[in-house]
Number of protein chains: 2
Amino acid sequence: MSMEPARRADLEHELRARGYRVTSTRRAVWDVLRFAHRHLTAYEIVARTDAAGRRVDLASVYRTLDLLEDLGLARRSRLLRSEADSWEVAHADEHFHMECIHCGDVDHHVGALVAVIEDHLGKDHGFDVYEVELRVAGRCATCREPRASGRRA
Amino acid sequence: MSMEPARRADLEHELRARGYRVTSTRRAVWDVLRFAHRHLTAYEIVARTDAAGRRVDLASVYRTLDLLEDLGLARRSRLLRSEADSWEVAHADEHFHMECIHCGDVDHHVGALVAVIEDHLGKDHGFDVYEVELRVAGRCATCREPRASGRRA
DNA sequence: CTACCTGCAAAGGGTTTGCAGGGCA
DNA sequence: TGCCCTGCAAACCCTTTGCAGGTAG
């Protein structure tokens with residue numbers, strides 16, 4: 001499930017490759033993002049840099065995230081339950097998110113679903129698809145009312 | 001494609017049924033919405049009430065739209081290309097939107113796609129789906145590069 | 001050394017809210 | 001008449017931008 005973690009060197013490599021400077025601000029944001037176990041908003045990233053003793057300004061976080069997205073290192077997504085954009089380390093796989101409205105977990109669903117949708121629209125509607133966004137909210141298996149099985153949380 | 005238009009009486013009926021007052025502000029917003037041939041933002045609704053000689057405040061438009069949604073008369077959606085929520089008269093059919101990035105048209109795609117997605121997630125992942133949001137942007141058939149067929153715009 | 005980057009503060013877009021007066025029932 | 005609804009203005013949240021000083025290369 002969790003592939004090997006993104007490395008600090010990934011950032012430095014991409015920055016240098018495109019002529020950007022390697023700065024402590026960019027490292028701080030990247031470190032927060034690559035060690036996070038969930039999606040983070042810009043504001044949450046600031047909180048975590050604070051906690052790590054390296055305060056980064058919110059504006060710089062936004063600028064850095066835009067850059068990381070451009071470098072292919074970060075991915076932005078807008079979850080159903082949040083007004084703010086959320087960020088995660090970019091995966092190679094096409095995937096969409098299933099948000100549990102009970103525990104708040106966000107599952108990554110990797111699959112052909114998006115490709116199937118594109119295909120269907122292209123064939124049946126002559127629609128040339130550039131972008132598909134699929135977002136799902138509900139209850140994850142763990143949080144469903146425990147009917148058949150015993151244990152309660 | 002276009003079913004019979006929503007009626008002014010629909011609004012009055014739903015309002016009275018739930019104990020809300022029938023006001024000229026609510027009629028004005030509803031009239032704009034039911035005669036629109038596309039999705040409208042709150043701001044656009046204000047512009048149209050202005051044009052119709054019945055100015056409605058933006059705040060009231062927002063309050064009215066929330067109410068219309070609650071009454072099941074209007075449906076909110078966030079299109080891919082817009083920061084603002086868009087509104088349309090609620091249809092009975094489950095559908096999603098295909099936005100053409102060239103002409104700006106928003107097609108309503110009615111079909112089983114959303115149901116298929118729900119089903120798939122429920123069966124394969126034990127995920128109890130409450131909400132699915134599917135948004136697609138691309139080029140509609142009309143706006144695709146005219147290769148095989150002759151005519152140019 | 002110098003162009004790029006950063007923090008700070010202010011502005012910006014969309015939406016919500018508090019309040020006092022106005023109009024539906 | 002009484003309470004709901006409205007317009008107005010201000011506040012709110014998230015994000016972007018202008019600017020002057022700091023720092024990587």
Side-chain angles (χ1 to χ4, degrees), chain A residues 8-9 11-32 39-50 52-71 73-87, chain B residues 8 11-32 39-47 49-50 52-71 73-87:
Chain A
R8 171 168 284 189
L11 172 69
E12 302 185 356
H13 177 264
E14 291 300 325
L15 286 174
R16 285 196 241 274
R18 304 255 311 253
Y20 292 104
R21 294 186 177 171
V22 178
T23 69
S24 73
T25 299
R26 286 169 181 165
R27 269 201 289 256
V29 171
W30 177 238
D31 283 350
V32 165
H39 294 235
L40 297 176
T41 64
Y43 188 84
E44 289 170 331
I45 291 173
V46 169
R48 295 197 178 197
T49 57
D50 282 359
R54 172 55 175 91
R55 155 159 283 284
V56 177
D57 188 74
L58 188 54
S60 299
V61 169
Y62 278 112
R63 283 187 278 234
T64 301
L65 288 171
D66 284 346
L67 178 58
L68 293 180
E69 181 176 41
D70 207 49
L71 296 176
L73 292 171
R75 178 181 154 171
R76 179 204 314 258
S77 41
R78 176 74 58 109
L79 302 180
L80 278 174
R81 305 173 57 229
S82 162
E83 294 304 295
D85 285 341
S86 295
W87 296 83
Chain B
R8 171 168 284 190
L11 172 69
E12 303 184 355
H13 177 262
E14 292 300 325
L15 286 174
R16 285 196 241 274
R18 305 256 309 254
Y20 292 106
R21 293 185 177 171
V22 177
T23 69
S24 73
T25 299
R26 286 168 180 166
R27 268 201 290 257
V29 171
W30 178 239
D31 285 350
V32 165
H39 294 234
L40 297 176
T41 64
Y43 188 84
E44 289 170 331
I45 291 172
V46 169
T49 57
D50 282 358
R54 172 57 176 87
R55 155 160 283 284
V56 177
D57 188 75
L58 188 54
S60 300
V61 169
Y62 277 112
R63 282 189 278 235
T64 302
L65 288 171
D66 284 346
L67 179 58
L68 293 179
E69 182 176 41
D70 207 49
L71 297 175
L73 293 171
R75 178 182 153 169
R76 180 203 313 257
S77 41
R78 176 74 58 108
L79 302 179
L80 278 175
R81 305 174 57 230
S82 163
E83 294 303 295
D85 285 341
S86 295
W87 295 85

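Treat the numbers as computed from the prediction; the structure is a model and nothing was measured.
In this model, the phosphate group of D:dT6 is approached by a side-chain N or O of B:Thr23 to a distance below 4.0 Å at OP1 or OP2. Distances shorter than 4.0 Å separate some side-chain N or O of B:Ser60 from OP1 or OP2 on D:dG7. Distances shorter than 4.0 Å separate none of the side-chain N or O atoms of A:Tyr62 from OP1 or OP2 on D:dT16. Note on B:Arg63: every side-chain N or O is 4.0 Å or more away from OP1 and OP2 of D:dC8.
Taking only side-chain atoms of A:Asp57, from C-beta outward, the nucleotide of D:dT16, D:dG7, C:dG7 with the closest atom is C:dG7. Here the nucleotide nearest the side chain of B:Asp66, chosen from D:dC4, C:dT16, D:dC14, is C:dT16.
Nucleic acid contact class of A:Arg54 (heavy atoms, under 4.0 Å, all strands): sugar-phosphate only. B:Arg55 comes within 4.0 angstrom of sugar-phosphate atoms only, judged by non-hydrogen atoms across all strands, and of no base. Among the heavy atoms of the strands, none lies under 4.0 Å from B:Tyr43. Counting any heavy atom pair closer than 4.0 Å across all strands shown, A:Arg26 reaches sugar-phosphate atoms only and no base atom. Across all strands shown, A:Ala59 has heavy atoms under 4.0 Å from base atoms, whether or not it also approaches the sugar-phosphate.
A 4.5 Å side-chain heavy-atom check between B:His39 and B:Glu44 finds every atom pair outside the cut-off.
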